[in-house]
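Read through the structure below, which is laid out as structure tokens, and then see the notes.
Here is how names work: the chains are called A, B, and so on, in the same order as the sequence lines, proteins then strands, and each is numbered from 1.
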Protein chains: 2
Amino acid sequence: MPADRGQASGRPTISEVAAEAGVGRATAARTLGGYGYVSPELRERVLAAAEKLGYRTNALARSMSTGVSHTLGVIVADIGNPFFAGLMRGISDTSRARGFDTLVLSTYEDLDQEVAATNVLIDKRVDGVIIASAATTGKHVAHIRAAMDRGIPVVLVDRAVAALDLDAVVTDNRDAAREAVETLIAAGHRRIGFVWGPSTSRTPATRRELLADAARGLWTDGERLRGYLDALDDAHIPFDPELVMVGPKTEARATAEVARMTSMSDRITAVFCTETDAVTGALRALRAAGLSCPRDVALIGFDDSAWAAVMEPPLTMIEQPVHQLGAKAAQVLLDTLEGADPPREMHILRSRLIVRSSVAPPVLGDS
Amino acid sequence: MPADRGQASGRPTISEVAAEAGVGRATAARTLGGYGYVSPELRERVLAAAEKLGYRTNALARSMSTGVSHTLGVIVADIGNPFFAGLMRGISDTSRARGFDTLVLSTYEDLDQEVAATNVLIDKRVDGVIIASAATTGKHVAHIRAAMDRGIPVVLVDRAVAALDLDAVVTDNRDAAREAVETLIAAGHRRIGFVWGPSTSRTPATRRELLADAARGLWTDGERLRGYLDALDDAHIPFDPELVMVGPKTEARATAEVARMTSMSDRITAVFCTETDAVTGALRALRAAGLSCPRDVALIGFDDSAWAAVMEPPLTMIEQPVHQLGAKAAQVLLDTLEGADPPREMHILRSRLIVRSSVAPPVLGDS
DNA sequence: CTGTTAGCGCTTTCAG
DNA sequence: CTGAAAGCGCTAACAG
């Protein structure tokens, strides 16, 4: 037992307050806990005593007996990533407003860490979990099922998981990607690079292979790829595996891949980037090759930011409703905790294409 | 008492495991809790029983009896801000590695929310607190003192608080700002805008007033302002209150202020921006005025990002060691929790000026 | 309306 | 090395 717990160590308990106020502990507990009936007089005395002693409730003890911790668990890929940071803000703003705090854990897209994180949350008895899972196949969702089996409500955010019949709050990735690529096509482009696609290990030679690989990757990556393909199909533009970047997703690789795509004989005249780092990586490649945007290569990317507006040229970007994504996820979870029980649903939030100046027709006779 | 706690609700307790294994609960607790001695045989039986029942320890109950929650509380201005997100990542990476999880709360620079957040953390019995406080004068630190009085170690991060003798982990804001402004001066600039300064309500007419206002604002703002002044003084450049932006800190106001500073008769030929939003705001103003950077106006700003490198021109920026800032803060706190007791200290991490191309000499004859 | 009495699930003496 | 028993601080019946 630790050296100094309780007593005069600066952490008075409800019993001490009761003693000080000269009432039974239940009475003190009732007034301090804000439940049950207490006469105004005693209430006053208790409050005064609590004030005097500097009493603060012990939420741990309360949780022990009520079985409710008023804490939500959040699992994301990387809390340092602006996207997830924005998501977190949405989550914490709305949960805080409803009396809940959040425990956040990052997995860095590693399934083992995701499992470990889930266990931490189970052990700490969070009341519910919001997770942007890296899981795809049914084989990888045991940890999520485990949480559910223990009675912990789970809502998926940002990434849906087909194997799980759960509430999911996501954005319209596929449509957003399709719209972006359609915009490029409408401007006259036919050789459009896709940076980046699923982080598969092999280099898919066919469309079928690519889709198969995507099915084993992040849900968002797959959706965005499908949107790209949708647009190509609608315009009857043949799919060329050479134009999609697969493998590890780093800014440096995006640069290298775009460099490759711009130096092929039948080079790209436009790029569609699925993430911020892909955008900056692509831009680096264009600059290094002395190619100008949008004159030589048009560009549209995911995840707008204040920077995109002040670029030269200002970039046409897709803006996801990040804050709302988190807020909605928290709302759905909290409603469930409060007893609501609507059928499970996939909540799809709409993204917005912010048109600026990084798209122009391809240079005539360029291909 | 809630409908279904304990029993067969999928949350077996240590007693149930003990029963299943046919041993006393203390024995089960010892093997599951990883303390005390247990014979290999019994240990095996307990483990098997736990496995079979799907036992997971109840960290809340454990915290109740040990008085340790293995949870750190973190209070920042805004978890959605990339700077704090990066900080959080540093904090959570190192604390997770040492077995601690983090409860994060945002205050949006509001002192009342900061107090409320501190109370939440006290109530939830976190083992320690890391805080980027908005408090400045000794009058506003009662909540931090309260936490300390309750035996909760606190370490300040990003912002020092003079009134508190605590460990603080910060970056060399003043030096970094001075170096940036010196760089501008070395290039030949004498009319250098400062965006943004302390968010005071009045418009300080003198240097003394400005400094007084800064003393009541965020610590970082004051430090950066002092660095600006240091550089000016060293070069014997007179201070002009017209060149510093004060008041609400928004990108839009930065744009307006820079527009004002560039259209004065004796206009600025360089700007020093203390934050990312100030940089994008300034850039917007330059573009709107048809001014080019660095030809017409040179620029250096705080907080480098991947975007800054792909801007036109690539921006010269100050890079703060964000991740390390958080990691160090967590480390200091955890060391304290583990009993270390070195004298309180101010840990100052060095920033780095990343020179790119947004600084050039002022146009000749321009002033 | 108030006080007494059990727990919540775990750790921790303290005997055996 | 093992088990019984007490206790962490609070909530929740249950009598008065």
[X] [atom1] - [N] [atom2] separation (whole Å):
{"X": "B/I14", "N": "D/dA4", "atom1": "CD1", "atom2": "P", "result": "15 Å"}
{"X": "A/R43", "N": "C/dT2", "atom1": "CZ", "atom2": "P", "result": "11 Å"}
{"X": "B/N58", "N": "D/dC8", "atom1": "CG", "atom2": "C1'", "result": "13 Å"}
{"X": "A/L32", "N": "D/dG9", "atom1": "CG", "atom2": "C1'", "result": "12 Å"}
{"X": "A/R25", "N": "C/dA6", "atom1": "CZ", "atom2": "C1'", "result": "11 Å"}

For side-chain hydrogen bond (donor to acceptor under 3.5 Å, both in side chains), just list the numbers for A/D93 and B/Y108, CA-CA rounded to whole Å, side-chain angles, deciding distance to a tenth of an Å, and then say yes or no. CA-CA 11 Å; A/D93 282 354; B/Y108 303 110; 2.4 Å; yes

Please check the phosphate of [N] (OP1 and OP2 only) for any side-chain N or O of [X] closer than 4.0 Å.
{"X": "A/Y55", "N": "D/dC10", "value": "yes"}
{"X": "A/T27", "N": "C/dG3", "value": "yes"}
{"X": "B/S39", "N": "D/dT2", "value": "yes"}

Closest nucleotide among [options] to the [X] side chain:
{"X": "B/M64", "options": "D/dT11, D/dC10, C/dG9", "answer": "C/dG9"}
{"X": "A/A26", "options": "D/dA12, C/dT2, C/dT12", "answer": "D/dA12"}
{"X": "A/Y35", "options": "D/dA12, C/dG9, C/dT11", "answer": "D/dA12"}

Going by the rule side-chain contact (heavy atoms from CB on, under 4.5 Å), which residues pair with B/E44 if we only count those two or more places apart in sequence or in a different chain? none

Please enumerate all residues that pass side-chain contact (heavy atoms from CB on, under 4.5 Å) together with A/R30, with sequence neighbours excluded. A/A26, A/T27, A/Y35, A/V38

Comparing nearest nucleotides in DNA chain D, the 5'-proximal residue of the pair B/R125, B/V23 is B/V23

Could you pull out all donor-acceptor pairs under 3.5 Å where a side-chain atom in residues 71-79 of chain A meets a protein atom, sequence neighbours excluded?
from: A/T71; atom 1: OG1; to: A/S69; atom 2: O; distance (Å): 3.1
from: A/T71; atom 1: OG1; to: B/K124; atom 2: NZ; distance (Å): 2.8
from: A/D78; atom 1: OD1; to: A/G80; atom 2: N; distance (Å): 2.7
from: A/D78; atom 1: OD2; to: B/R89; atom 2: NH1; distance (Å): 3.0

Could you pull out all residues at least two apart from A/Q113 that satisfy side-chain hydrogen bond (donor to acceptor under 3.5 Å, both in side chains)?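 Residues passing side-chain hydrogen bond (donor to acceptor under 3.5 Å, both in side chains) with A/Q113: none at all.
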
Checking all strands, does A/L42 fall into the base, sugar-phosphate, or nothing category for heavy-atom contacts under 4.0 angstrom? sugar-phosphate

Considering only nitrogen or oxygen atoms on both sides, find all protein atoms under 3.5 Å from nucleotides 14-16 of chain C and state each distance.
none

Steps toward salt bridge (charged side-chain N to carboxylate O under 4.0 Å, His left out) verdict (A/R159, A/E109): CA-CA 12 Å; A/R159 285 111 91 133; A/E109 307 294 16; 2.5 Å; yes

Going by ring pair (Phe, Tyr, Trp, His ring centres under 6.0 Å), name the residues that satisfy it together with A/F100, two or more places apart in sequence or in a different chain.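 A/H70.
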
